S.K.: 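Starting off with a structure, shown below.
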Amino acid sequence: MESLIEKVLISEAEIHKRLDSMALEILTGFDGRPITVVAVLKGALVLVADLFRRLPVKLDIEFVTAQSYYGGTETTGQVEVIGGLPDVKGKSILLVDDILDTGLTLAALKAQLMDAGADSVATCVLLSKIKERSADVEADYCGFEIGDEFVVGYGLDYTGHYRNLPYIGILKEFGV
Ligand code: 5GP
Ligand code: MG
């Protein structure tokens with residue numbers, strides 16, 4: 001599997017070091033309020049597992065499944081929440097996704113969580129692509145800014161694979 005990786009963009013050690021400082025930023029931002037983490041499956045699975053263990057406060061965790069990619073590398077523009085939203089009424093939400101690309105996913109989920117009665121929704125991503133977004137949204141907490149290229153690893157997939165790589169990498173070619 002690793003022979004299909006063109007290069008490592010962000011190493012495992014760099015990710016973990018950045019998570020330490022991101023966790024401090026989040027703790028400062030929430031200022032002692034209990035946090036309800038809402039993680040976007042499946043991509044945010046690895047990030048959220050590593051991140052929430054760095055948040056030693058009263059915290060619960062929920063998951064949502066949003067689909068904006070359908071197996072390829074292009075977004076269709078539509079964001080579908082599968083299986084509904086958790087109960088977020090009156091809660092301070094930390095919405096965690098793997099990557100901010102067009103912004104459609106994060107914008108749609110943030111709006112839906114606010115509509116569902118959340119007290120506040122702060123957004124957190126490991127990666128943010130530097131590009132013009134289709135939706136007017138930025139992450140409150142962002143691990144790394146990257147160029148507009150397709151990445152895999154650390155939860156991010158290509159056709160369902162590569163999520164288990166411990167680093168962020170770029171594939172040699174698509175269709176492998
Ligand atoms: P957005 O709605 O911001 O365009 O896209 C968000 C979702 O698209 C992410 O949660 C992720 O699942 C997927 N995505 C966007 N860019 C990439 C990428 O470079 N690699 C992978 N594997 N998924 C991506
Ligand atoms: Mg996703």
Side-chain angles (χ1 to χ4, degrees), residues 1-12 14-15 18-19 22 26 37-52 61-86 88 93-115 121-176:
M1 181 175 72
E2 305 216 6
S3 64
L4 301 174
I5 297 296
E6 173 87 44
K7 68 168 178 176
V8 175
L9 194 63
I10 308 170
S11 72
E12 186 175 5
E14 285 174 301
I15 294 172
R18 180 66 185 110
L19 290 187
M22 266 172 94
I26 292 166
V37 174
V38 176
V40 185
L41 291 174
K42 300 174 185 168
L45 174 74
V46 182
L47 168 63
V48 84
D50 282 343
L51 185 63
F52 90 141
I61 185 159
E62 301 283 358
F63 296 93
V64 292
T65 300
Q67 217 171 349
S68 60
Y69 272 67
Y70 296 97
T73 63
E74 292 292 316
T75 183
T76 61
Q78 270 187 330
V79 178
E80 196 191 339
V81 176
I82 299 159
L85 289 177
V88 294
I93 307 298
L94 181 68
L95 176 60
V96 180
D97 201 359
D98 48 7
I99 187 165
L100 184 57
D101 184 14
T102 65
L104 290 166
T105 305
L106 221 52
L109 289 177
K110 184 174 177 175
Q112 290 188 31
L113 290 167
M114 288 307 290
D115 284 352
V121 179
T123 53
C124 173
V125 291
L126 181 71
L127 305 170
S128 173
K129 289 187 186 173
I130 302 170
K131 65 189 284 184
E132 227 176 277
R133 311 226 186 272
S134 310
D136 185 21
V137 65
E138 285 302 325
D140 298 300
Y141 306 100
C142 168
F144 302 91
E145 293 198 313
I146 63 170
D148 190 8
E149 53 194 342
F150 193 81
V151 292
V152 295
Y154 200 74
L156 291 124
D157 75 307
Y158 176 63
T159 61
H161 298 110
Y162 304 100
R163 294 192 199 276
N164 51 335
L165 289 175
Y167 52 79
I168 297 292
I170 294 174
L171 288 177
K172 271 191 185 132
E173 55 184 288
F174 291 120
V176 285

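What you are looking at is a predicted structure, and each value in this text was computed from that prediction instead of being measured. Whatever order the structure lists them in is the order used to number ligands and atoms, beginning at 1.
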S.K.: When you measure from the heavy atoms of R133 to every atom of ligand 1, does any distance fall below 4.0 Å?
M.R.: no
S.K.: How about Y141 and L94: do any of their side-chain heavy atoms sit closer than 4.5 Å?
M.R.: yes
S.K.: Run down the list D101, T105, D97, L41 and name the one with the heavy atom closest to atom 2 (O) of ligand 1.
M.R.: T105
S.K.: Please say whether more than 12 non-hydrogen atoms of neighbouring residues, nucleotides or ligands are located less than 6.0 Å from CD in E132.
M.R.: no
S.K.: Which residues pass the side chain to side chain contact (heavy atoms under 4.5 Å, CB included) test with I130, not counting sequence neighbours?
M.R.: E145
S.K.: Once side chain to side chain contact (heavy atoms under 4.5 Å, CB included) is applied, do any residues pair with A107, and if so which ones, sequence neighbours excluded?
M.R.: A135, V137
S.K.: Quick test of your reading of the structure: of D157, T159, I146, V152, whose heavy atom lies closest to atom 22 (N) of ligand 1?
M.R.: D157
S.K.: Determine whether any heavy atom of Y158 lies closer than 4.0 Å to an atom of ligand 1.
M.R.: no
S.K.: In Å and rounded to the nearest 0.5 Å, what is the CD1 to CG distance from I99 to L47?
M.R.: 11.5 Å
S.K.: Is it the side chain (CB and beyond), the backbone, both or neither of V40 that lies under 4.0 Å from ligand 1, heavy atoms counted?
M.R.: neither
S.K.: Should V151 be listed as contacting ligand 1, given a heavy-atom distance under 4.0 Å as the test?
M.R.: yes
S.K.: If we only consider heavy atoms of G43, is any one of them less than 4.0 Å away from an atom in ligand 1?
M.R.: no
